[in-house]
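The sequence lines fix the lettering, A, B, ..., with proteins before strands; numbering per chain opens at 1.
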Amino acid sequence: MSDLNRKEEAKEKESLNFIEQIIEEDIRNGKHGGRVHTRFPPEPNGYLHIGHAKAICLNFEIAQKYGGKTNLRFDDTNPTTEETEYVENIKRDIRWLGFDWDDREYYASDYFEQLYEFAVKLISKGLAYVDDSTPGEIAEMKGTPTVPGKESPYRNRSIEENLSLFRGMRAGDFPDGSKVLRAKVDMASSNMHMRDPIMYRIKRDHHHRTGDEWIIYPMYDFAHGQSDSIEKITHSLCSLEFIHHRPLYDWFIEKLEIFPSRQIEFARMNVSYMITSKRRLLKLVKEGYVSGWDDPRMPTISGMRRRGFPPAAIRTFCDKAGIAKRDNLIEISLLEFCVRDELNRTAPRVMAVLNPLKVVITNYPEGKVEHMEVENNPEDESMGTRTMPFSRELYIEREDFMEDPPKKYFRMGPGRDVRLKAGYILRCEGFEKDPATGEVAEVRCTYYPDSKSGEDTSGIKAKGTLHWVSVAHALEAEVRLYDRLFADPQPDNHEDKDYLEFFNEDSLQVVEKAYIEPSLAQAKPGDTFQFLRLGYFSADPDSTEQKPVFNRTVTLKDTWAKMQGR
RNA sequence: AGACCCAUGGUGUAAUGGUAGCACUCCGGAUUUUGGUUCCGUCAGUCUAGGUUCGAGUCCUAGUGGGUCUACCA
């Protein structure tokens, strides 16, 4: 290897994103003894989606890279919206993605007592006060970005009075919403979050973990950073919209004199043709546009799992999408590439016919059955082979036959030779039409007995190769063909149009009666396959003994279709 | 309007003052018992104007464009 190459390689290895640069600088400076500790902090009020997957990968992988750890912490400070059911689903999704938080499963609600003490400390330092103003008054006094806010008339209560009032808030002396605890920062700050932010509100609501123990709950700004600090998180990664919160994050840490976690903001990932707004996703579910949170068209982790996306592909996708601070729109084709790339290596090949056309091989003996050997994956010999029954009557794909095909069409047509994958070369001798519909009803062929796959001595070269199943042996299955949920790359980015206007009515097509090869009888929900020449498919949990159901994960690249489109 | 953040091919992301690279997409070719895979190739980029410097994508200033912030949500 030349010096130049060596240099190039070293250079490549050193290519870091801006967060890694910060971390490596911290390590060089011996900050926190070189320790790296991150956290993934979901609020248990909804399902995880592709955007969360990005944050999960980022937090877990960056800690892993620097020999650190990642905590799972539920940010459960709002009892009204949060439920245990979400906690369980979130945990399952993260595990499925391939990450493990060991025993470090934390809840902001575990810190309620500590947080209360922190608040008392701030009050004692004259840095927080109880405000009796109404929500309207508080908003009014807050000012606007260009107009400074006004100080609350309650801002200068004595420390003793504040202490007593705050104790009273906790004790239940006051009705919901009648008082709040506010930090005494700066009502004239150009940063709205510094204009005496609310730290605690009174809210009599049953909490999924603490039950009715508390009636005051901390706000995000007085819970998140403090939880980071309690857990001694070194690098607290969050999305860009929290950038204005950082001065406050730092202010609390400084005034409380607690562990100095550092917040670093990155641009959240947007993916074309997908939306991640919880509210909008919920509407799709509630109004029946999709079958549920795990509908295979949903950008949720559970949806992608049911669709058949391998977790490794999602991880690769998040890695390849990169990390920076500018707004981005990742093309969904990158996701599809990662899914195909993974499945190409791992998914066994099988044959299925979605739109059947019967082929009769007139010179093949009636009643004869041959068991043809087929490789399970040409990319990977170790995946072995299986056999497929071959007989006189077969189904092929209707699209694989044309009455009067053009020259570049490599499939079946009158007078043409075509190969059946792992079978024989067929010559098309003619076809019959349904007199009622005018549709081709059956194709008649002869086969070349010396052209059997693996022992072909015929010397005939057929340009095309078709997939097939034996009529007598094929199983029936339901196949669900999925396409993108929306017809627009950014459905929620139109000022004049609602995202639902872009709902893709063709995003689900159901093939009630497809024919699949017999080996698929063993498929279990979640198993992924390549249906030869059609795409990647995953067995759905709706499958029954009588009727397996398959979801199309993604199509194969199709240069022929592309040529025709032109 | 104010503060803050951001600006590199169609998309995403590198280059850390010294030859603008990689991936996806697109297009073309080779191979192929999947019109898949694989392999090779083409096209294509530093927002604008000044300044600092031997040298600027990188540093400074201004402009332009985009984004964020004004919940008792997180």
Side-chain angles (χ1 to χ4, degrees), chain A residues 8 11-12 14-18 21 41-43 45 75-78 80-82 108 131 134-135 138-139 142-149 176-182 189-193 195 198-203 216-217 219-221 223-224 238-247 265 267 269 272 278 320-331 333-338 340-341 344-345 349 351 374-375 377-379 408-411 419-423 425 453-454 456 461-467 489 530-535 555-563:
Chain A
E8 284 302 306
K11 209 169 166 186
E12 181 121 13
E14 279 174 23
S15 173
L16 303 173
N17 66 47
F18 80 101
Q21 288 172 26
E43 183 188 10
N45 72 345
D75 227 337
D76 56 350
T77 56
N78 185 0
T80 321
T81 56
E82 295 153 3
D131 194 336
T134 65
I138 288 177
K142 193 140 200 175
T144 70
T146 46
V147 179
D176 283 13
S178 62
K179 285 178 167 45
V180 290
L181 182 71
R182 290 231 256 170
S189 172
S190 59
N191 181 341
M192 301 297 287
H193 296 280
R195 320 246 266 225
I198 293 171
M199 295 164 59
Y200 270 94
R201 75 279 210 189
I202 306 173
K203 201 169 196 174
I216 56 171
Y217 291 94
M219 302 288 290
Y220 168 85
D221 284 309
H224 197 106
C238 65
S239 51
L240 239 35
E241 62 261 35
F242 290 99
I243 200 163
H244 302 290
H245 295 249
R246 193 173 69 221
E265 311 86 11
M269 178 178 72
S272 65
K278 261 179 206 170
K320 282 184 183 291
I323 188 78
K325 293 181 82 165
R326 63 186 110 128
D327 293 331
N328 60 77
L329 182 65
I330 314 293
E331 288 177 347
S333 59
L334 181 64
L335 211 206
E336 292 169 347
F337 166 81
C338 294
R340 288 191 186 107
D341 191 49
N344 178 50
R345 276 176 292 138
R349 272 59 170 171
M351 293 196 224
V374 204
E375 75 268 12
N377 189 341
E379 305 294 309
K408 295 287 261 291
Y409 187 81
F410 302 150
R411 308 175 188 182
R419 161 130 251 149
L420 292 184
K421 173 74 181 178
I425 294 176
S453 275
D456 184 355
K461 53 180 194 344
K463 183 76 180 158
T465 302
L466 308 185
H467 61 277
Q530 184 192 111
F531 287 6
L532 215 67
R533 302 209 302 138
L534 295 175
T555 61
L556 255 27
K557 270 174 58 180
D558 190 345
T559 24
W560 169 244
K562 203 179 273 177
M563 283 165 66

Check: B/U37 base within 3.5 Å donor-acceptor of A/Arg345 side chain: no
Look at A/Gln21 and B/A14 and indicate whether a side-chain polar atom (N or O) is within less than 4.0 Å of OP1 or OP2. no
Those residues at least two apart in sequence (or on a different chain) that pass salt bridge (charged side-chain N to carboxylate O under 4.0 Å, His left out) with A/Arg411 are A/Asp400
In whole angstrom, give me the gap between the P atoms of B/C22 and B/A44. 15 Å
Does A/Thr465 contact B/U34 through a side-chain donor or acceptor facing the base, at a distance under 3.5 Å? no
A/Glu331, nearest nucleotide to its side chain (from B/C5, B/G10, B/U37): B/G10
Applying salt bridge (charged side-chain N to carboxylate O under 4.0 Å, His left out), name anything that partners A/Arg345, two or more places apart in sequence or on another chain. A/Asp341, A/Glu342
Tell me whether the OP1 or OP2 atom of B/G35 has a side-chain N or O from A/Arg533 closer than 4.0 Å. yes
Let me have a per-nucleotide readout for nucleotides 39-46 of chain B, 5' to 3', with B, S or -, counting only protein heavy atoms under 4.0 Å. --------
Expected output check: what is the dot-bracket annotation of RNA chain B, where ( ) and [ ] are pairs inside the strand (brackets for crossing ones), | is paired with another strand, and pairs are Watson-Crick or G-U under 3.5 Å? .((((((..((((....[..))))..((((.......)))).....(((((..]....))))))))))).....
Can you name the side chain to side chain donor-acceptor pair (under 3.5 Å) partners of A/Lys203, sequence neighbours left out? A/Asn78, A/Thr80
What does the B/S/- profile of nucleotides 64-74 of chain B look like, 5' to 3', with a 4.0 Å heavy-atom cutoff to protein? ---SBSB-BSB
